[in-house]
Amino acid sequence: MTLLEVQRILLLVGIAVVAYLLVQAWVNDAEKLREAEADQLQSTPLSSDQASGEDTGAMPEEFSDPSVAPLDQNQASEDADSDVPDTSLIPTGNQVESTGSGDAISRTLIKITTPLYYVWIDPVGGDIVGWKLIAYPISLKEPDTPMTLLDRRVDRTYIAQSGLMGADGHDRPGDRPVYSVSRSDWNLEEGTLRVPLSFEEDGVEVTKTFVFQADRYDVDVEFNVRNGTSQNFEANFFAQLKRDGGPVDGKTGGFIRPPAYVGAAITTDSKHYKRLKFKDIDKSAYQETVNGGWVAILQHYFLSTWIPNQNDSNRYFGSKDRQGNYRFGFIGPTHVITPGTTGTLGAKLYVGPKHQDALNELAPHLALTVDYGFFWWLSVPMFKVLDWIHSLVKNWGLAIILMTILIKTVLFPLSQMSYRSMAKMRKLSPQIKRLQERFGGDRQRMGQEMMSLYQKEKTNPLAGCFPMLLQMPVFFALYWVLIESVELRHAPFLFWIRDLSAMDPLFVLPIMNAGVMFLMQRLNPPMPDPMQQRVMMMMPVMFGAICLFMPAGLVLYWLVNSLYSMAHHYWALKRAGAPT
């Protein structure tokens with residue numbers, strides 16, 4: 001086998017590997033959020049009595065769909081046990097017995113409207129059972145239907161819970177406190193809104209306050225406890241996210257539109273970002289004590305996360321309850337409130353998009369939930385540059401074009417080395433062809449003659465491969481930026497491209513990209529083997545087919561990259577005096 005054939009085979013293998021990795025990456029992580037049923041997303045989350053299955057007579061109009069049936073009473077009783085973490089997780093080791101009957105009490109959900117989202121709170125336990133993002137519609141076809149993150153319905157459980165457990169805590173298995181509130185509908189237009197929920201038992205007054213801000217997705221959850229008894233009040237603050245194991249919209253993915261990672265993540269003292277997959281929790285529960293930290297449930301573009309006091313040592317957990325729901329949360333240290341005094345406990349809850357600046361501000365390493373994969377160390381600065389360019393041009397498509405040109409300019413020396421080598425090989429093509437005609441029947445002799453030719457002309461046929469391989473990390477890093485950045489979700493470019501995170505609806509960019517790749521092949525040295533020539537001719541078609549289902553933003557990058565490379569290659573051939 002000649003060195004030129006080795007070069008061709010390496011190039012084919014490299015291209016095949018790239019194609020395989022692109023498809024695999026798309027299968028594993030490039031989820032495009034599917035369109036959910038409008039009647040499920042537009043309805044209000046179930047109230048506590050509907051969720052528990054208590055008979056309240058006629059169902060409200062928004063729950064008249066026969067597919068939304070109340071749970072039976074036995075299931076409601078079992079589900080109540082899962083609303084409070086296992087008391088064995090309390091750092092102090094205190095154990096408590098359930099003293100409540102588990103009967104649900106009918107209450108109206110509390111609704112909060114802000115410029116960014118709608119929130120529903122259940123007075124039973126003060127849990128957040130609904131959260132819709134106003135600024136993020138579920139699709140461009142339904143711009144007025146907000147994306148739903150937290151939701152509690154018969155076929156969907158995804159809620160944020162918090163409370164006080166432990167020796168004197170009022171949140172016990174099967175017995176959650178029922179809070180009182182002055183009104184059930186709150187509206188925030190600007191500034192800050194405090195929504196207090198109150199509860200009193202045996203001389204202890206508890207006020208659970210949600211603090212909303214008009215321009216932020218994070219909410220402060222504060223417990224103010226006034227101990228009016230003659231004994232110490234001891235309790236542990238807990239917070240957890242409870243979610244079923246289904247996909248984001250209740251549908252399974254396929255090869256073309258697969259789901260991205262849906263599961264939990266945590267930061268620990270030894271590992272800044274650690275995934276807690278549902279399938280791992282199926283095998284064994286998770287427990288770990290962490291100083292500060294956070295725990296989150298992730299999906300493509302969005303997350304929910306509890307962030308405790310960063311000065312506390314918190315016990316984190318992940319488990320699966322009897323109803324098949326997964327619970328990820330933490331239990332804080334024991335707080336002792338002496339008689340006649342008041343104590344404050346709490347944490348911060350964030351439910352919204354994966355905006356890196358906002359996440360960096362909230363907690364250390366929280367921005368790592370924007371999962372850029374192995375090349376995150378390249379992706380993070382790339383996104384910062386892309387975001388800066390966007391701040392100037394105000395169009396993400398133009399920002400991708402300028403970013404691509406900038407990257408190619410920075411990598412110009414590597415590309416120049418590769419194209420210079422290809423130009424030398426193209427100049428040698430006539431001599432190589434004569435050797436093939438003369439020694440075509442003796443492959444060993446032809447290899448020796450070609451090696452002598454390369455040594456004489458001081459040419460290495462593999463020299464053009466390594467500079468291209470060195471550029472691959474840059475490509476994959478930018479790939480993750482374009483796939484994972486929520487800023488590109490529903491971001492328009494020009495004309496028919498209304499969403500850079502979705503495939504080109506008219507396939508114009510993939511077809512143009514395949515055409516440019518075909519023209520680039522005409523500039524490369526001709527293949528010595530007719531079979532290899534036919535295989536190489538098929539590569540633009542293969543890449544074009546793959547690009548049909550890739551996000552338009554990524555295909556736009558590839559197209560601009562190919563155009564730049566073709567112009568550079570043509571210039572290098574002309575400068576070297578090689579035939580074009």
- For His390 and Glu487, run side-chain hydrogen bond (donor to acceptor under 3.5 Å, both in side chains): C-alpha distance rounded to whole Å, both residues' side-chain angles, the deciding distance at 0.1 Å, then the answer. CA-CA 10 Å; His390 173 262; Glu487 289 81 0; over 6 Å; no

- Of all heavy-atom pairs between Leu482 and Leu488, which one has the smallest distance, and what is that distance? CD2-CD2, 3.8 Å

- Query: Do the two ring centres, one from Tyr118 and one from Trp131, sit under 6.0 Å apart?
  - Reply: no

- Any idea how Tyr136 and Phe302 line up, ring-wise: parallel (<30°), tilted (30 to 60°), or perpendicular (>60°)? perpendicular

- Item | Exceeds 12 heavy-atom contacts within 6.0 angstrom, atom CD of Glu201 | yes

- Query: Under a 4.5 Å cut-off applied to non-hydrogen side-chain atoms, are Leu349 and Ile128 in contact?
  - Reply: yes

- Item | Phe278: partners by ring-ring contact (aromatic ring centres under 6.0 Å, His included), with sequence neighbours left out | Tyr326

- Answer yes when Glu288 and Arg315 have at least one side-chain N-carboxylate O distance shorter than 4.0 Å, and no when they do not. no

- Can you find a heavy atom in the side chain of Phe223 that is under 4.5 Å from one in the side chain of Ser162? yes

- Would you call Asp371 and Arg275 a salt bridge, taking side-chain N to carboxylate O under 4.0 Å as the test? yes

- Task: Give a yes or no on whether the ring-centroid distance for Phe199 and His170 is below 6.0 angstrom.
- Result: yes

- Query: Are Thr338 and Asn232 close enough that a side-chain donor and a side-chain acceptor fall under 3.5 Å?
  - Reply: no

- Parallel, tilted or perpendicular for Phe212 and Tyr117, by the 30°/60° rule? tilted

- Under 4.5 Å between any side-chain heavy atoms of Leu241 and Arg327, yes or no? no

- Message: Any heavy-atom pair between the side chains of Lys242 and Asp321 that's under 4.5 Å?
- Response: yes

- With a 4.5 Å heavy-atom cut-off, do Arg216 and Leu362 have their side chains touching? yes

- Test side-chain hydrogen bond (donor to acceptor under 3.5 Å, both in side chains) on Thr157 and Asp244 and set out the steps. CA-CA 5 Å; Thr157 298; Asp244 59 66; 4.7 Å; no

- Measure across Val481 and Tyr372 and return the closest heavy-atom pair with its distance rounded to 0.1 Å. CA-CE2, 3.8 Å

- When every non-hydrogen atom of His490 is compared with those of Pro137, the smallest separation belongs to CE1-O, 3.3 Å

- Salt-bridge test for Arg152 and Asp127: reply yes if a basic N is under 4.0 Å from a carboxylate O, no otherwise. no

